[in-house]
**Q** 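The structure under discussion is supplied below as C-alpha cells; questions concerning it will follow.
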Amino acid sequence: MKDISLGQFYPADSFTHKMDPRAKLVLVIAFIVMAFLAKNFLSYFAVLICVVSATLVSRIPIMKVLKSIKAIIFILVFTGILNLLFYNGETVLWQWWRIKISVEGIIFSVKMVLRLVLLVMGTTLLTYTTTPTAITDGMESLMKPLKYIKVPVHDIAVIMSIALRFIPIISEEVDKIMMAQKARGAAFDNGGLLKRAKALLPVLIPLFVSAFRRAEELALALDARCYNATPNRTRYKVMKFTWRDLVGLLGTAAFIVLVVALNNNFWGAYASPASVWWLFSV
Amino acid sequence: MRIEVKDLKYVYSPKSPFEKVALDGISFTVNSGDTLGIVGSTGSGKSTLCRHLNALVKLQSGEITVGDIRLNSKRVDLKQLRKNVGMLFQFPEYQLFADTVKKDVEFGPLNFGFSQAEAEEAAKRALELVGLDFDEVASKSPFELSGGQMRRVAIAGVLASRPSVLVLDEPTAGLDPVGKREILELVTALKSGVTDTVIIISHNMDEIAEFCNRVIVLDDGKLIADTTPDELFNRSDIVDRTELDYPHTVKIKRLLAAKGVDLDTPALNAKELTSAILRRVKG
Ligand SMILES: Nc1ncnc2c1ncn2[C@@H]1O[C@H](COP(=O)(O)OP(=O)(O)OP(=O)(O)O)[C@@H](O)[C@H]1O
Ligand SMILES: [Mg+2]
C-alpha cells in the first residue's frame with residue numbers, strides 16, 4: 001500500500017537520488033534520443049552499458065529494473081512477432097503467402113525489442129529515483145518559458161501534483177471500503193463479468209461520494225489560504241543544479257557521442273572490420 | 001463465541017524498503033461473554049489485529065480460531081466467518097452506498113443468504129435497535145442524513161446480519177457525548193441477545209473503564225498487557241509508557257489518594273466512584 005503512495009519511488013541514498021529533478025528529466029529525454037539514434041548492435045550495447053551504469057549509480061537493485069519490463073512483456077512479444085513475420089527483407093528464409101521470415105527481419109525485430117526494453121529501463125530509472133512531486137516540480141520549472149505565451153504553467157503543475165497526491169489516498173480508500181463491504185459479506189472475485197461489475201458498485205459509490213467531498217474541502221482549504229493571491233510564490237524545496245547534474249549531463253553526452261560514433265564505425269577508423277565486428281555492426 | 005489468537009505476526013510490505021512489522025507475537029483469548037477493550041497509541045496495530053478476526057487480511061504467521069473456524073486451514077468458510085464476526089470500521093458512515101437506507105442495511109443479510117423477507121425484517125429490527133424510526137428513514141437516501149444518523153445506519157448495517165462477535169473500531173470517534181453513550185449502551189444491551197462477545201478499540205479510557213471487563217494493551221505491535229481495566233489503571237508503568245491516560249474517575253481516585261484519602265474499591269465509573277467516596281465519608 002505504502003509503495004503506491006510514492007508511485008514507483010525506491011528510496012535510497014544515491015548519486016541519482018540527489019540529482020536535480022530537472023536534470024534528470026533532461027537526461028531521460030536525452031536517453032530516449034540516444035536509444036533512437038542507435039543503429040547497430042554495438043551502439044545498442046553502448047546504450048545498454050549506459051542504463052546499467054546509471055542503475056548501479058542509483059543503487060537500485062537490477063532485478064527491480066528488470067521487473068519493470070514484465071509490465072510490457074505483451075507489447076514486446078507482439079512487436080517482435082509482427083516485425084519478424086512482416087518485415088520486407090531480402091534474404092528470405094521462409095515464406096508463406098504474405099508472411100515472410102528474413103534475416104533482415106530477424107535482426108530488425110531483435111533491435112526493436114531491444115530498443116523498447118532499453119527505453120523502459122531508462123525511464124523507470126527516473127521514476128525509481130524521483131518522487132512524483134519532484135517530477136512535477138521539475139516539469140513546472142522546465143516549462144516556465146511557456147508562461148510567456150500565457151500557458152498557466154503553475155496551475156497545471158498544481159493540478160498534476162494534487163492528482164498525484166490523491167492517488168495514494170484514493171487507493172487506500174478503495175482498500176478500506178472494499179474491506180468494509182467484504183466484512184458485510186460482499187464478494188468481488190466470483191461470478192461472471194456482469195456480476196463482478198455489479199459487485200463493485202458498493203465500492204464505487206462511496207468512493208465517488210468521498211472524492212467529491214474531498215475535492216470540495218480541498219478547494220475551500222486552498223481558498224482559505226489565499227491560493228493564487230500572489231503571482232510569484234516561493235518554494236520550500238528549492239531545486240539546485242549541482243556538480244552531480246553536470247557529471248550526469250556530461251556522462252550522457254559522452255554516451256550519445258559514443259553511440260553516434262559506433263553507428264558510423266568510427267568514421268572508418270577501422271577500415272576492415274574483423275568478422276566478429278561485422279556481426280555486431282549490422 | 002470464543003476467539004483464540006496465538007503468536008500472530010503481521011508485516012506490511014515485507015521485503016521492501018517500506019517493510020513495517022505491525023504485529024509481533026500476539027497471543028490472547030477472548031471468552032464468550034467478554035467485552036474486550038483494545039487500547040494502544042496510534043499505529044500500535046489495533047486495527048490490523050482486528051482485521052485478522054474476519055480474515056480481511058491474510059494470515060501470515062500464527063494461529064487464529066474463531067468459534068470452531070480455524071483461519072489457518074486451507075478452506076475457510078469466509079461467508080460463515082464474516083457472518084459470525086461483524087466488523088464496524090473507523091468512520092463507517094463513509095461506506096454507505098445504496099440509494100435507500102433500507103437497502104443499505106439489507107446488504108449484509110442478503111449477502112449472508114437471508115431471504116428478502118428475512119433481510120427486511122432484520123433491517124427493521126437493526127434500525128430500531130440503533131434508535132432510528134424505520135418508517136421514517138427506510139426510504140431516505142443515506143446521504144441526506146446527518147453524520148450521527150449515518151453512523152447509526154452503518155452500525156445497523158452490521159447488526160442486521162446478527163453476528164455473534166461484534167468488533168468495533170473506534171465506534172464513537174467524532175460523535176457528540178450523548179451519541180457516544182447511546183452507542184456503547186446499545187452495544188452492551190445487545191449482549192443479552194445473539195451477540196455475546198464484543199471487542200472495542202478505543203482511545204477513550206472512560207469508555208474502556210466503564211464498558212469492558214477485559215482489556216489488552218498493544219505497544220508497537222507487541223501485546224504488553226492482558227488484564228482487567230481496574231488492574232490496568234493501577235499499573236502506572238504501563239499507562240505512562242503507552243501514553244494511555246487514565247479515565248476521569250481513576251484520576252479523581254488518584255488525586256484523593258495523593259491527599260491521603262485511599263479508596264479501597266475500584267472506581268471505573270461515576271457510580272462506583274461516588275459510592276466509594278460516600279462509604280469513605282460515612283465509614
Ligand atoms: N496498508 C498499510 N500499509 C503499510 N503499513 C500500514 C498499513 N496499514 C497500517 N500500516 C502500519 O501498520 C502500523 C499499525 O497500523 P494500525 O492501523 O493497525 O494502527 P492502529 O493501532 O489501528 O492506529 P490508530 O489508533 O491510529 O487507528 C502503523 O505503523 C501503520 O503505519
Ligand atoms: Mg486504527
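Note that the structure is predicted; figures quoted are calculated from it, not measured. The chains referred to below are lettered A, B, ... by the order of the sequence lines, with proteins before strands, and numbering in each begins at 1.
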**Q** Does B/Phe143 have more than 12 heavy atoms from other residues, nucleotides or ligands lying within 6.0 Å of its CZ?
**A** yes
**Q** Counting only non-hydrogen atoms closer than 4.5 Å, does B/Lys79 touch chain A with its backbone (N, CA, C, O), its side chain (CB onward), both, or neither?
**A** side chain
**Q** Would you check if the side chain of B/Asn54 reaches a backbone N or O of A/Ala183 as a donor-acceptor pair within less than 3.5 Å?
**A** no
**Q** Verify, without hydrogens or angle tests, whether A/Gln181 (side chain) and B/Gln95 (backbone) share a donor-acceptor contact under 3.5 angstrom.
**A**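 Side chain of A/Gln181 to backbone of B/Gln95, a donor-acceptor pair under 3.5 Å: yes, one is there.
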**Q** Considering only heavy atoms, which portion of B/Phe112 lies under 4.5 Å from any heavy atom of chain A: side chain, backbone, both, or neither?
**A**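 When you check distances to chain A, only side chain atoms of B/Phe112 fall under 4.5 Å.
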**Q** More than 12 foreign heavy atoms under 6.0 Å from CZ of A/Arg22: is that the case here?
**A**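 Check passes, neighbour count above 12.
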**Q** Is it true that atom CZ of A/Phe78 has more than 12 heavy atoms of other residues, nucleotides or ligands lying nearer than 6.0 Å?
**A** no
**Q** More than 12 non-hydrogen atoms from neighbouring residues, nucleotides or ligands closer than 6.0 Å to CZ on A/Arg115, yes or no?
**A**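 Buried by this count: over 12 neighbours within 6.0 Å.
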**Q** As an exercise: rank A/Ala187, A/Ser210, A/Ala186 by heavy-atom pairs under 4.5 Å with chain B and give me the winner.
**A** A/Ala186
**Q** Mark yes when over 12 heavy atoms from residues, nucleotides or ligands other than A/Arg244 sit less than 6.0 Å from its CZ; otherwise mark no.
**A** yes
**Q** Would you compute the distance between atom CD1 of A/Ile205 and atom CG of B/Leu96 and round it to the nearest 0.5 angstrom?
**A** 11.0 Å
**Q** Kindly give the heavy-atom pair with the smallest separation between B/Phe18 and A/Phe9, and that separation in Å.
**A** CZ-O, 3.9 Å
**Q** Within the structure provided, determine whether A/Leu207 and B/Phe97 are in side-chain contact (heavy-atom separation under 4.5 Å).
**A** no
**Q** Quick check for you: among B/Ala55, B/Gly86, B/Gly108, which has the greatest number of heavy-atom pairs under 4.5 Å with chain A?
**A**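 Maximum pair count with chain A is reached by B/Gly108.
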**Q** Who in residues 47-55 of chain A is close to chain B, using a strict under-4.5 Å heavy-atom cut-off?
**A**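 So no residue qualifies.
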**Q** Minimum heavy-atom separation for B/Phe89 to A/Ala180, with atom names?
**A**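 What the structure gives for the nearest pair is CE1-CA, 3.5 Å.
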**Q** Could you tell me whether A/Arg213 sits above the aromatic face of B/Tyr94, with NZ or CZ closer than 6.0 angstrom to the six-membered ring centre and within 45 degrees of the axis?
**A** yes
**Q** More than 12 heavy atoms of other residues, nucleotides or ligands under 6.0 Å from NZ of A/Lys198: yes or no?
**A**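 No, the 6.0 Å shell around NZ holds no more than 12 heavy atoms from other groups.
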**Q** What residue in B/Lys83, B/Met87, B/Gln90, B/Arg51 has the most heavy-atom pairs under 4.5 Å with chain A?
**A**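 Looking at each of B/Lys83, B/Met87, B/Gln90, B/Arg51 in turn, B/Arg51 comes out on top.
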**Q** For a quick test of reading the model, state the closest non-hydrogen atom pair linking A/Lys182 to B/Leu56 and the distance between them.
**A**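 A/Lys182 and B/Leu56 have their closest heavy atoms at CB-CD2, 3.7 Å.
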**Q** Among B/Asp104, B/Leu88, B/Val85, which residue has the highest count of heavy-atom pairs closer than 4.5 Å to chain A?
**A** B/Asp104
